[in-house]
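For the numbers below, each heavy atom of this structure counts, side chains included, while hydrogens, waters and symmetry mates do not.
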Amino acid sequence: MAFLELRKVAKRFGSHEVIPPLDLAIEKGEFVVFVGPSGCGKSTLMRLIAGLEPSSDGEIWIDGRDVTDVLPKDRDIAMVFQNYALYPDKSVYDNMAFGLRMRKTPAREVDERVRAAARVLGLDALLERRPAQLSGGQRQRVAVGRAMVREPKIFLFDEPLSNLDAHLRVHMRTELVRLHRQLGATMIYVTHDQVEAMTMGDRIVVLDHGRIRQAGAPLELFRRPANAFVAGFIGSPAMNMLPCVVEQHGTELRSGPVTIPVPPPLRAALKPWSGKAVLFGLRPQFVGLAAAPGSGTLRLTLDAVEHLGTETILIGLHEGRPFQVVVPTMVGISAGSSIFATLDAGRGHVFDAATGDLIAHGSDVDASVPESIAGLGHVS
């Protein structure tokens, strides 16, 4: 039995089903990230685990105990919210100690736990300050410390970094990963930011309309997306999707006026799809530039050019859809320019246009990267 198990858990608000019945197992010590667009059900799912929302169906088990009908305070879970929820009139010390005092924890134990958490979070010198005297990052660390001192079985984080500026978000997500490694605790983290999901989680659960579209290690989802939704959501910039028709018994894909030769490794999987509509997915990093049109090249008129320092993102349209190219930083290309894009079809993924399910995938591991490195998974 997994440390946390959701068994056919569902949630309805009236006749509206927000979470269709789903199953999920999380092992002890895992850092699992729920990710998906706004309204996909990730925060609702977390609230079901916490007991803040009653489930409409199914069972929730924590550490071998059925907690489906157990009150939130008795589930041994600590939650860190987006808005910190600190008491403005209390010091950092008292904010962190408040929950323990409410549980009648002995004063000496309260002091030991608070000061131990403060040392881990670098709050030693701030214990007498009030929240108004702290930065956003310091307030968030206090909220984490308040959860830490409870020594819960599971930590739940509901978009805790979304109120911070970009630089501080990067710093705090590094701190949370370090904290997870140090505590060895089970953590569930909700975010709409796929970059946070990729950089923080041991495992990512991608949600769409309350359904789990795929769950797995970050690089697994990036390299082997199970469907077009996951392929388009995981990765930045997003994967390009070209509407195509399979032709010539799976040896060609046609997208408007462009014919894309299909490399041999993909042909067998595409042969039964001859004459059918598919989506050809290719990450912008695997698109190159050509001086003149050729076999399988796309002509793009650029709507935007984004200079990011070490790379440039070129954004145009093909068949009415955005198409992006990532190239090393360069001069001489601006919005309104026309370019010829070459496609490394061997790195592509092909999806059923009707269902979005994966039909075939190429290789998206850079051949220049040693196998010993390319084969590594997420390291927290």
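Between K271 and R267, every side-chain heavy-atom pair lies at or beyond the 4.5 Å cut-off.
By the 6.0 Å contact criterion, CZ on R178 is enclosed, its count of non-hydrogen atoms from other residues, nucleotides or ligands being greater than 12. Within a 6.0 Å sphere centred on CG of D74, heavy atoms belonging to other residues, nucleotides or ligands number more than 12.
Hydrophobic clustering, with ILVMFWY side chains joined whenever heavy atoms are under 4.5 angstrom apart, keeps F81 apart from L86.
Under the side-chain hydrogen bond (donor to acceptor under 3.5 Å, both in side chains) criterion, K8 pairs with D23, sequence neighbours left out. The ring-ring contact (aromatic ring centres under 6.0 Å, His included) check on Y87 picks up F98, with sequence neighbours excluded.
Distance alone, capped at 3.5 Å, places no donor-acceptor pair between the R173 side chain and the E196 backbone. With R347 contributing its side chain and H361 its backbone, the two residues share no donor-acceptor pair below 3.5 Å. Between the T186 side chain and the G29 main chain, a donor and an acceptor come within less than 3.5 Å of each other. Judged by distance alone, the side chain of S91 and the main-chain N or O of E128 form no donor-acceptor pair under 3.5 Å. Looking only at distances, no side-chain donor or acceptor of D94 sits under 3.5 Å from a matching main-chain atom of K90. Using a distance-only test at 3.5 Å, with no hydrogens or angles considered, no donor-acceptor pair links the side chain of R12 to the main chain of S55. Distance alone, capped at 3.5 Å, is enough to place a donor-acceptor pair between the H180 side chain and the A185 backbone. Counting only distance, with no hydrogens or angles, the side chain of S255 and the backbone of V258 share no donor-acceptor pair below 3.5 Å. Looking at S274, its side chain never comes within 3.5 Å of a backbone N or O of L270 through a donor-acceptor pair. Under the 3.5 Å distance criterion, the side-chain polar atoms of E109 are left unmatched by any main-chain donor or acceptor of P106.
Through direct or relayed side-chain contacts under 4.5 Å between Ile, Leu, Val, Met, Phe, Trp and Tyr, I315 connects to L308, I313, V326.
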Would you give me the side-chain donor-acceptor pairs under 3.5 Å for residues 237-249, sequence neighbours excluded?
| from | atom 1 | to | atom 2 | distance (Å) |
| --- | --- | --- | --- | --- |
| N240 | OD1 | Q324 | N | 2.7 |
| N240 | ND2 | L282 | O | 3.3 |
| N240 | ND2 | Q324 | O | 2.8 |
| E247 | OE1 | R254 | NE | 3.3 |

Tell me which donor-acceptor pairs under 3.5 Å the side chains of residues 211-219 have, and how far apart each pair is, sequence neighbours excluded?
| from | atom 1 | to | atom 2 | distance (Å) |
| --- | --- | --- | --- | --- |
| R213 | NH1 | D208 | OD2 | 2.9 |
| Q214 | OE1 | A226 | N | 2.7 |
| Q214 | NE2 | R224 | O | 3.1 |

Show me the donor-acceptor pairs within less than 3.5 Å that the side chains of residues 32-52 make with the rest of the protein, sequence neighbours left out.
| from | atom 1 | to | atom 2 | distance (Å) |
| --- | --- | --- | --- | --- |
| K42 | NZ | G36 | O | 2.9 |
| K42 | NZ | P37 | O | 3.1 |
| S43 | OG | D158 | OD1 | 3.0 |

Decide yes or no on side chain to side chain donor-acceptor pair (under 3.5 Å) for T68 and D66, but give the supporting numbers first.
CA-CA 6 Å; T68 309; D66 185 354; 2.6 Å; yes

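T199 approaches V195 most closely through the heavy-atom pair OG1-O, 2.8 Å. Nearest heavy atoms, P20 versus A10: C-CB, 4.1 Å.
Relative to the ring axis of F222, R283 places its NZ or CZ within 45° and under 6.0 Å from the centre.
Remark: L179 CG to R141 CZ distance equals 11.5 Å, nearest 0.5 Å. Here the straight-line distance linking atom CG of L279 with atom CG of D352 works out to 8.0 Å at 0.5 Å rounding.
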